[in-house]
Amino acid sequence: MERREIEQLVRAHMGQKLEAEGKRAYIVAANWKMNMSAKETRAFLRELCDTKVPEYLDIIIFPPFPYLPDAQKMLRYETVTYGAQDVAEQDKGAYTGEVSAAMLADCGCSYVLAGHSERRAYYGETSDIVARKASKALEYGVVPVICIGETLEERRSGAYKEVLKGQIEAAAKVCKEKPAQCIIAYEPVWAIGTGVIPTIKEIEETHRYIHDVLAAGRDAGDCSRILYGGSVNANNVKEIASVPHVDGFLIGGAGLKVESFKNIIKQLSLDGCL
Ligand code: 13P
């Protein structure tokens with residue numbers, strides 16, 4: 001059995017155990033984007049591995065492709081997991097520069113980001129492309145973290161619910177057989193790297209909306225987990241964590257320095273916080 005399959009079984013079991021104890025499992029993920037060097041990657045992972053992480057936190061690191069073998073080596077016997085930032089929509093062939101889901105599985109990736117807003121905005125990824133990427137990941141046993149989010153104009157004009165609905169429905173088509181094995185990351189574009197975050201009320205309302213669209217026509221509980229991303233740091237993470245339907249975080253800037261990432265973990269580890 002592959003490490004990723006064992007992880008999935010352990011997580012399913014842990015999820016049930018935590019639920020029975022009235023606790024929630026949280027994901028704390030760092031998307032490094034196009035940052036870090038090999039040396040910085042190793043130093044970060046070394047220190048992270050020495051950090052005490054409570055059993056209800058799933059820590060995931062998304063390094064750039066060239067550092068996946070470092071993660072594979074260093075995290076082999078650790079509870080910290082890792083994934084890639086993108087995946088090809090094709091299986092294999094003449095697609096220069098692309099990386100396939102099979103290759104990610106070979107590198108031991110448990111997760112892959114699909115449709116981060118930077119990919120949608122700079123590389124023309126539509127919701128259909130994102131859905132095909134996510135579906136390819138699932139085929140190879142890699143959990144897709146499907147990113148969605150509206151721009152500031154869409155938020156201001158009130159069109160954001162329609163925009164999110166389109167993105168969610170494209171994702172839901174892929175996840176319909178395996179909702180528990182798909183993760184949605186809600187990242188309002190206007191909150192990414194800006195230091196501006198939605199109000200708690202806005203996060204609550206939007207996460208509830210995403211949950212309701214995902215859950216339409218399903219049994220209760222049969223829903224993908226929903227992460228929040230956008231200017232998360234050690235000062236605001238605890239308050240956001242208490243919002244219903246926030247199942248974890250996708251962190252950019254504050255996940256580049258091991259100290260600030262550890263501080264976020266620490267905030268979520270305080271007794272009675274979750
Ligand atoms: P920041 O945390 O830097 O706002 O980035 C969020 C993000 O894009 C994570 O994918």
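Treat the numbers as computed from the prediction; the structure is a model and nothing was measured. Just so you know, ligand 1 is whichever comes first in the structure, and atom 1 is the first atom listed for that ligand.
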Asks: Parallel, tilted or perpendicular: which fits the ring planes of Trp32 and Phe44, with parallel below 30° and perpendicular above 60°?
Replies: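 Perpendicular: the ring planes of Trp32 and Phe44 meet at over 60°.
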
Asks: Got the residues with a heavy atom under 4.0 Å of ligand 1, by chain and number?
Replies: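 Shell around ligand 1 (4.0 Å, heavy atoms): Asn31, Lys33, His116, Glu187, Ala191, Ile192, Gly193, Gly230, Ser231, Leu250, Ile251, Gly252, Gly253.
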
Asks: Check whether the ring centres of His245 and His207 lie less than 6.0 Å apart, and answer yes or no.
Replies: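 Here the rings of His207 and His245 have centres that are no less than 6.0 Å from each other.
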
Asks: Check whether Val237 and Tyr26 end up in the same hydrophobic cluster, where Ile, Leu, Val, Met, Phe, Trp and Tyr are linked by side-chain heavy atoms less than 4.5 Å apart.
Replies: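 Yes: a chain of side-chain contacts under 4.5 Å links Val237 to Tyr26.
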
Asks: Ion pair present between Arg225 and Asp58, side-chain N to carboxylate O less than 4.0 angstrom?
Replies: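 Result for this pair is yes, salt bridge flagged.
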
Asks: Apply side chain to side chain donor-acceptor pair (under 3.5 Å) to Lys161 and list each qualifying residue two or more places apart in sequence or on a separate chain.
Replies: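 In terms of side chain to side chain donor-acceptor pair (under 3.5 Å), with neighbours along the sequence ignored, Lys161 is linked to Glu205.
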
Asks: Does Glu169 come within less than 4.0 Å of Lys173, counting only side-chain N to carboxylate O?
Replies: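 No, Glu169 and Lys173 are not salt-bridged.
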
